[in-house]
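One structure below.
Convention: sequence-line order gives letters A, B, ...; per-chain numbering from 1. Hydrogens, waters and symmetry mates are skipped; everything else that's a heavy atom, side chains included, is used.
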Amino acid sequence: MAAALLVLLALAGWEALVRAEVVDPLLLPAPTDVAQALWTDRAILSEDLLVTTGEVVLGLAAALALGALLGFAMHLSGPVRRTLRPLVIGSQAIPIPVIAPLFILVLGFGLAPKVLMVALVCFFPVTINLYDGLRDVDPDAQKLLRSLDASRWRRLALLEAPSALPATFTGVKIAAAVAVIGAVFAEWAGSDRGLGHTLLIANGQLETARAFAATVLLFALAIALYGLFALLERRVVGWTPRTAPRGGQ
Amino acid sequence: MDLELTSVRKAYGKVVALDGVTLRARANETVAVVGPSGCGKSTLLELVCRLTEPDAGTIRAPKAALMPQRDGLLPWLSALDNAGLALRASGVSKRDARAAAHEHFEAFGLTGFERARPGELSGGMRQRVAFLRTLLAGRPVLCLDEPFGALDALTRSQMQRWLADALLQEPRTVLLVTHDVEEAALLADRIVLLSPRPGRVVETIEVDLPRPRARTDLAIVELRERALAAIEQRELA
């Protein structure tokens, strides 16, 4: 309730500022103008939303698969861990706007470079959180399973993988929230469709209201994806106490 | 087969946890290891469970099952699945493990809580689930690490009586680590007193008393005082 009130208040203030011509509407369109653009451009925008959502969902799926593969491999094998960890961390230092045109050059204007960009942005939080979660196991439970002569595989299946789930979900939620950035950069580098593409064109044409409308949809997309995974998390890891993060009595 | 530790020494870096510890438990005997915190009691159990190797001395022991200090229940598993965990770990299917665990639920006073997760169980129930898991491992030796340390006084005394009964039904060789001298006197056939770090055996007391025992029995009270005096004397020296 309070949050909704705050947003309404901010929107009203913003509207008033633009109406009073304190700022140029070309730089900052009023919320009502943005809403207007959302409605009048609904045909293009809904198509763009569909395109970008497709890229983001496929990219996230790829990131989850890659993150799971890397996280487990790094956990299970010392040589793999030593080889891959610096590369995984290094991958996050790659400047996205610089690499995006390269992807387009190599992979063309199709779906592939977009999915790859989203995956590149998203696999890191999944990998690292899964890997840390697998290592951060209750030492008592670990001792218990070792005393029972549980095989490496059974320790992974019975103890390590389930106890890594909460951390992994944190990683996945972060990935869901930032996935949109990857898609937008990839569309900027070379695309004729998608919210990022429309954002770029609208900016060039000084159609600020439409640019804002596209941004609002990107907002909504990120929030919806995050919410989806948060919902899934509550269903899957219902055992984690909400108040005490972990190890609570 | 008896359990036998001879002149066992274990150090972690420069910290000597145990030094020259010798103790013995005959089959189906309960031996209580009592000592102040940090005297290497948990290390002793880890050695018996083969989780770590001694630096010196020898250990002859049948296979042992560990009940860790904090119950070690997995928060995402139901009481039934937690109780069957030892079976799952050795490759038994989920269904069979559940069936085997469920056979004991009534005797353990857990009926109706099969699907409850550890977070929904009381402290006493959690310990019973953990003990059932340890029992179902099917090992001749049970290593219990302060099993009732986290319970309130009332629950603890109930659980002590319950454990004594359970061991009468299903006799096992038990190594019981505790800092509670009275608990040792109530449950054990022999009490081994350890000194503060490095843990050495200060005294071994045979408890040749009939069961069931009550904390108010004169013999128990005397035994408790004798053990306490032995520990205090050691600490002052």
Side-chain angles (χ1 to χ4, degrees), chain A residues 68 71-72 75-76 129-130 132-173 229-249, chain B residues 42-43 45-52 61 63-79 81-82 84-94 97 115-123 126 130-131 133-139 141-146 150-151 175:
Chain A
F72 279 117
H75 174 64
L76 291 174
N129 278 287
L130 170 62
D132 283 350
L134 287 169
R135 284 158 43 100
D136 188 22
V137 163
D138 176 11
D140 268 357
Q142 190 69 271
K143 261 186 221 163
L144 178 75
L145 280 180
R146 277 179 49 217
S147 82
L148 295 167
D149 298 327
S151 65
R152 187 72 197 84
W153 164 246
R154 291 219 177 84
R155 289 210 313 270
L156 187 69
L158 290 173
L159 175 63
E160 291 162 355
S163 69
L165 266 178
T168 308
F169 263 107
T170 303
V172 172
K173 284 191 295 185
F229 283 113
L231 211 68
L232 193 67
E233 179 187 30
R234 285 179 67 162
R235 291 205 66 112
V236 177
V237 291
W239 73 82
T240 31
R242 295 251 156 65
T243 43
R246 150 180 354 166
Q249 291 297 303
Chain B
S42 297
T43 303
L45 295 190
E46 283 175 23
L47 284 166
V48 172
C49 291
R50 303 279 167 188
L51 287 171
T52 177
K63 286 224 161 197
L66 179 69
M67 178 166 159
Q69 192 162 13
R70 292 175 298 116
D71 48 46
L73 297 181
L74 303 183
W76 56 86
L77 291 184
S78 66
D81 285 335
N82 262 304
L85 185 72
L87 296 170
R88 295 291 307 284
S90 57
V92 174
S93 76
K94 198 180 216 169
R115 297 165 70 93
R117 285 188 169 140
E120 304 163 87
L121 297 174
S122 70
R126 293 172 62 114
F131 184 72
R133 178 193 60 204
T134 316
L135 207 60
L136 285 173
R139 307 260 168 106
V141 177
L142 307 181
C143 288
L144 312 182
D145 194 352
E146 306 212 3
L151 301 178
L175 262 188

Interface residue of largest heavy-atom contact number with chain B, from L145(A), D149(A), L165(A), under 4.5 Å: D149(A)
Chain A contact via E46(B) - side chain, backbone, both or neither, heavy atoms under 4.5 Å: side chain
Nearest atoms (heavy-atom pairs only) where K173(A) meets F229(A): CG-CB, 4.1 Å
Minimum heavy-atom distance between C49(B) and S147(A), given as atom pair plus value: CB-CB, 4.3 Å
Atom group of L74(B) that falls short of 4.5 Å from chain A, counting heavy atoms: side chain
R154(A) versus R88(B), closest heavy-atom pair with distance: CD-O, 3.4 Å
Min side-chain heavy-atom separation L159(A)-W76(B) under 4.5 Å: yes
Heavy-atom pair count under 4.5 Å with chain A, highest-scoring of A64(B), G72(B), P68(B): P68(B)
